[in-house]
Amino acid sequence: MADAFLTITALEKSYGAHKVLKGIDLSVNRHEVVCLIGASGSGKSTLLRCVNALERIDSGVIALDGDPVSGIGVDVNRLRRKVGMVFQSFNLFPHLSVIENVMLAPVKVNGLSRDEARERALKLLDRIGLTERADYMPDQLSGGQQQRVAIIRCMAMDPQVLLLDEVTSALDPELVGEVLDILKDLAQSGMTMLLATHEMRFARDVATTVAFLHEGQLIEKGPPGQIFDSPQMEETRKFLRRALFVPA
C-alpha cells in the first residue's frame, strides 16, 4: 500500500519450540487506528512488543516510513523516539510526581529544557483534565487517572505511532470509559495507533481497520463493519460470538 507508514511483513516469532507469531503481514497508514482483537495468547501483545523492539524477531521485516526498524543494527533509541508504547500496567515512576513523570523523557532523551518540558506537560495534563493533580504522586491517583497519565507521558515524546497493549485490562470497569475517551480524542486528532484491545465496542466505533489474530496468525482484517457484521472466517465468527455474547 503506497501510503502505508508502518509495515509488518512475514513476521515470525518463537519462544523455544512455541511459535507465537506465524507470518504476520499488516500495514498501518498515517492517521489510521488499527485494533488487534483475538483471544488471550493469540499473539497481540507479542506483535506490539516486536514493533517497539522489546522482542527480537526471528524473521520478517518491520519498517517505519520505509526504513527497517527490525533486525541487527537498528538504533533502538531512535526507534522509540518515533514509536511510543503504553502497557497494561501503568509503569509510572512511583518516586516522581505526575508532572515529573511526564517531563522526564522529553528532558533526558529529547533534550528539552525543564521549563519547556513543564509547559508541554501542563498542556497535556490539561487535555486529560488532570492539571490540578500535577504535583500528586502516582499512588494518590485512581487506576484510570494513572493510565491517562501513562498515555500522555508517552505523547509528551511526540511519537509518530502509538502502540497500546490492552490499556484498560487492569482497570475496574467504571474506570475504563475515561481511558477510552482519551484514546478516542487521540484518534480524532489524527494520531496513528496500533492497539490490542478486548473492548469490542471501542474497536467498532474508533478503528479504521480491525485485525483478528488466532493462534499467532492474522486470520482476517478489514473495516469494523465488515469484521463485526459479516466476518468471512469461522474462527472470527466463533471469537466474536464469545466476545459479544451472541448466541450460536
Side-chain angles (χ1 to χ4, degrees), residues 1-38 41-88 91 105-106 108-112 150-151 153-167 183 186-187 189-197 207-223:
M1 193 175 296
D3 58 350
F5 184 56
L6 171 66
T7 57
I8 301 164
T9 307
L11 179 60
E12 303 267 344
K13 173 65 182 176
S14 297
Y15 297 112
H18 178 49
K19 186 170 282 191
V20 181
L21 298 175
K22 307 170 185 176
I24 300 291
D25 292 313
L26 183 65
S27 61
V28 182
N29 299 331
R30 292 182 190 272
H31 314 304
E32 189 176 17
V33 179
V34 176
C35 284
L36 306 173
I37 64 171
S42 60
K44 304 185 302 296
S45 295
T46 302
L47 175 56
L48 293 176
R49 291 174 64 86
C50 286
V51 173
N52 203 34
L54 292 171
E55 297 286 354
R56 181 176 295 177
I57 69 174
D58 296 330
S59 61
V61 176
I62 303 171
L64 186 66
D65 204 16
D67 295 326
V69 294
S70 59
I72 297 172
V74 169
D75 185 340
V76 173
N77 290 328
R78 182 168 175 266
L79 166 67
R80 290 180 186 154
R81 290 189 190 103
K82 296 181 177 181
V83 180
M85 187 161 180
V86 185
F87 300 88
Q88 297 178 25
N91 290 345
K108 295 290 188 182
V109 179
N110 285 355
L112 287 188
I151 292 168
R153 179 181 63 176
C154 195
M155 292 303 298
M157 291 293 288
D158 198 23
Q160 297 177 30
V161 180
L162 188 60
L163 310 176
L164 302 115
D165 185 14
E166 302 284 9
V167 295
L183 300 185
L186 290 174
S189 72
M191 187 69 214
T192 305
M193 291 192 280
L194 176 62
L195 62 147
T197 185
T208 48
T209 298
V210 175
F212 171 61
L213 273 68
H214 176 70
E215 296 181 352
Q217 293 181 296
L218 204 167
I219 297 292
E220 187 169 359
K221 61 184 174 183

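All residue numbers refer to positions in the sequence shown, counting from 1.
- There is a side-chain donor-acceptor pair under 3.5 Å between Asp165 and Ser45.
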Check your understanding: Given Leu36 and Leu213, is the side chain to side chain contact (heavy atoms under 4.5 Å, CB included) satisfied, shown in steps?
Key -> CA-CA 7 Å; Leu36 306 173; Leu213 273 68; 4.2 Å; yes
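- Take Glu220 and apply the side-chain hydrogen bond (donor to acceptor under 3.5 Å, both in side chains) test, not counting sequence neighbours, and it matches Thr236.
- Salt-bridge check for Glu12 with Lys19: passed, with a basic side-chain N closer than 4.0 Å to an acidic carboxylate O.
- Residues Lys221 and Asp25 come closest through the heavy atom pair NZ-O, 3.3 Å.
- In this structure, CG in Leu26 is found 5.0 Å from CD1 in Ile8, a value given to the nearest 0.5 Å.
- When every heavy atom of Val210 is checked against every heavy atom of Ala207, the shortest pair comes out as CG2-CB, 3.9 Å.
- Contact between Ala187 and Val33 at its shortest, heavy atoms only, is CB-CG2, 3.7 Å.
- At least one side-chain heavy atom of Leu47 sits under 4.5 Å from a side-chain heavy atom of Leu21.
- Under the 4.5 Å side-chain criterion, counting only non-hydrogen atoms from C-beta, Met155 is in contact with Leu186.
- Between Val83 and the options Leu163, Val69, Leu162, a side chain to side chain contact (heavy atoms under 4.5 Å, CB included) holds for only Leu163.
- Shown here for Arg81 and Val109, the closest heavy-atom pair between the two residues is NE-CG1, 3.5 Å.
- For the residue pair Thr209 / Glu32, a side-chain donor-acceptor distance below 3.5 Å is found, with atom types taken as modelled.
- Between Arg80 and Leu54, the shortest heavy-atom contact is NH2-CD2, 3.4 Å.
- Applying the side-chain hydrogen bond (donor to acceptor under 3.5 Å, both in side chains) test to Asp158 and every residue at least two apart in sequence or in another chain returns nothing.
- Distance check, rounded to the nearest 0.5 Å: CD of Glu55 to SG of Cys50 gives 6.0 Å.
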Point to revise | Audit row: Glu166, Lys44, side chain to side chain contact (heavy atoms under 4.5 Å, CB included) steps and yes/no | key: CA-CA 9 Å; Glu166 302 284 9; Lys44 304 185 302 296; 3.2 Å; yes
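- Note on residues 57-75: pairs passing side-chain hydrogen bond (donor to acceptor under 3.5 Å, both in side chains), not counting sequence neighbours, are Arg30-Asp65.
- In plain terms, the two heavy atoms of Met85 and Cys154 that are nearest each other are N-SG, 3.4 Å.
- Note that OG1 of Thr197 is 8.5 Å distant from CG of Leu183, once rounded to the nearest 0.5 Å.
- Looking at heavy atoms from C-beta onward, Ser42 lies out of side-chain contact with Glu215 at the 4.5 angstrom threshold.
- For the pair Val28 and Val161, the minimum side-chain heavy-atom distance is 4.5 Å or more.
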